[in-house]
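One structure below.
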Protein chains: 2
Amino acid sequence: MDRLFHALADTTRRDILRRCVRGELSVSRLAEAYPMSFAAVQKHVTVLERAGLVTKRRRGREQLVRTDPDAVDGARRALDELETAWRARVDRMSGLLADDPGTGPGTDPGAGPGTRETTEGQDR
Amino acid sequence: MDRLFHALADTTRRDILRRCVRGELSVSRLAEAYPMSFAAVQKHVTVLERAGLVTKRRRGREQLVRTDPDAVDGARRALDELETAWRARVDRMSGLLADDPGTGPGTDPGAGPGTRETTEGQDR
DNA sequence: TCCATCTACAACCATTTGGTTGTACGTTAA
DNA sequence: TTAACGTACAACCAAATGGTTGTAGATGGA
C-alpha cells in the first residue's frame, strides 16, 4: 500500500501511467516525452513496477511498459473503503439524531482513550 | 494531486484517516495510539491537512481532527479516470480482434493515440 | 564485423521526509 | 495564581527521493 500510493504521488509517474494505459511504450519512447534523463525515467518506471502498477515485457532490445489495471483498481478500492466508512458513520449519526436520545452504539473506535461521546457533529 | 497521494502513502497517515472518519479526535488522543512522539503525529496531521484530507476544528485547548470525504473522493475519482481509459483501450482492442483476421505486425509506435494497432500481443 | 540503440546499474549530489528533543504559548482546572 | 494539559514550532539528524553522469552489457542492422 505504501509503495502503491507513493508511486502515485508524482506527476511524472502518473503521466507515465496514463501513457501506458493507451498502449505499451518502450522506456526510451517514454523518456523522450520528459525533460529529464533516460536514467531518471527508468527509475520512475522501476518505482511503478515495484508498486505493481506497471509490468514490463521484452521485445528484442526494448522493454515495453504497460500499466496494470488491477493495481489501479486496488488503490481505488482502498479509497472506497474510507468513503464507505464515512458514509456509515453519517448514517449512524442520522439515525441517532432521529431516533435515539443517548445510547452509544457498540462501535468503540479506540482502545484506551475511550470517551465514547466523541462530539459527533456537535458544532460549538 | 502530488500532495494528496503523498499524504496517502504512509501507513500512520492512512490509519489517522480511518480513525478520524469514525469521529473527531484531538491530536493528543491520536498521538496516544502510535509509538511515536506527539510532534511526529502532529506533523502527520499537518501533511494530511495540507493535502486537504482532514480539517481541524478548535474546541478549547484541543484541536479536533476530522477527515474530509470530498478529498478522499477526489483521489478515488482520479484513479477511476485511469481505469476508464484502460477499459476504453480494451474495448477498442476487442473490436479489432473480432473484426481483423490477423494483420501483420506493422508495429509503428509512432504517436500512439492515432495508431489503432496498439500492442499486437497483449497477453503473451 | 562494426556501430548504433536500448537497457541496466553504480556513484554521486541536493532536497525532502519522518523522526527526535526542547521550548514557548494559550487554555482549563485546583 | 499555579499547575497540568494541549498545541505550535524550531532545530537537529538519519534515511530516502529525485535527479545527474558515467560505464557496461545485449540486441539489431549496415
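Note that the structure is a prediction, hence the values are computed from the model and not measured. Naming: A, B, ... by sequence-line order, numbering from 1 per chain. Both backbone and side-chain heavy atoms feed into the values below; hydrogens, waters and symmetry mates do not.
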Side chain of B:Arg61 (C-beta onward), nearest among C:dG18, C:dT28, D:dG18: C:dT28

Sugar-phosphate only, base, or nothing, as touched by B:Ser37 at under 4.0 Å among non-hydrogen atoms: base

Spacing of A:Ile16 atom CD1 relative to D:dG18 atom C1', expressed in whole Å: 12 Å

Proximal nucleotide (of C:dG19, C:dT7, D:dT7) relative to the B:Glu62 side chain: D:dT7

Distance, rounded to the nearest Å, where A:Tyr34 contributes OH and D:dG18 contributes P: 15 Å

Rounded distance (Å) that lies between atom P of C:dC6 and atom CZ of A:Arg57: 16 Å

Closest listed nucleotide, where the reference is the side chain of A:Gln42 and the choices are C:dT7, D:dA4, D:dA8: C:dT7

Proximal nucleotide (of D:dG19, C:dT20, D:dT7) relative to the A:His44 side chain: D:dG19

Sugar-phosphate only, base, or nothing, as touched by B:Arg13 at under 4.0 Å among non-hydrogen atoms: sugar-phosphate

Rounded distance in Å - CZ (B:Phe5) to P (D:dT17): 18 Å

A:Met36 side-chain proximity, nearest of C:dT7, C:dG19, D:dG19: D:dG19

Most 5' of A:Ala9 and B:Val27 on DNA chain D, judged by nearest nucleotide: B:Val27

Sidechain N-carboxylate O distance under 4.0 Å for A:Asp10, A:Arg14: no

Value in whole Å for how far the C1' atom of C:dG18 lies from CG of B:Asp15: 16 Å

Spacing between B:Glu32 atom CD and D:dC5 atom C1', to the nearest angstrom: 11 Å

Distance below 4.0 Å between B:Lys43 side-chain N/O and C:dT16 OP1 or OP2: no

Taking every non-hydrogen atom, the tightest pair across A:Cys20 and A:Leu25: SG-CB, 4.4 Å

5′-ward residue of the pair B:Phe38/B:Arg50 relative to DNA chain C: B:Arg50

Nearest-0.5 Å distance, CZ of residue B:Arg13 to OG1 of residue B:Thr67: 15.0 Å

Under-4.0 Å side-chain N/O to phosphate OP1/OP2 contact, B:Arg29 with D:dG6: yes

Separation of C:dT16 P from A:Asp10 CG (nearest whole Å): 14 Å

Distance below 4.0 Å between B:Lys56 side-chain N/O and D:dG6 OP1 or OP2: no

Straight-line distance of A:Gln42 CD to A:Ser37 OG, nearest 0.5 Å: 9.0 Å

Rounded distance (Å) that lies between atom P of C:dC9 and atom CD of A:Glu49: 10 Å

B:Asp68, B:Leu17, B:Val47 screened by side-chain contact (heavy atoms from CB on, under 4.5 Å) with B:Leu53, the one that passes: B:Leu17

Listed nucleotide nearest any side-chain atom of B:His6, set D:dG6, C:dT17, C:dT20: C:dT17

Touch class at under 4.0 angstrom, heavy-atom based, for B:Thr12 against every strand present: nothing

Cation-pi, B:Tyr34 ring and B:Arg19 (6.0 angstrom, 45 degrees): yes

Phosphate-side-chain proximity, A:Ser28 and C:dT7, N/O vs OP1/OP2 below 4.0 Å: yes

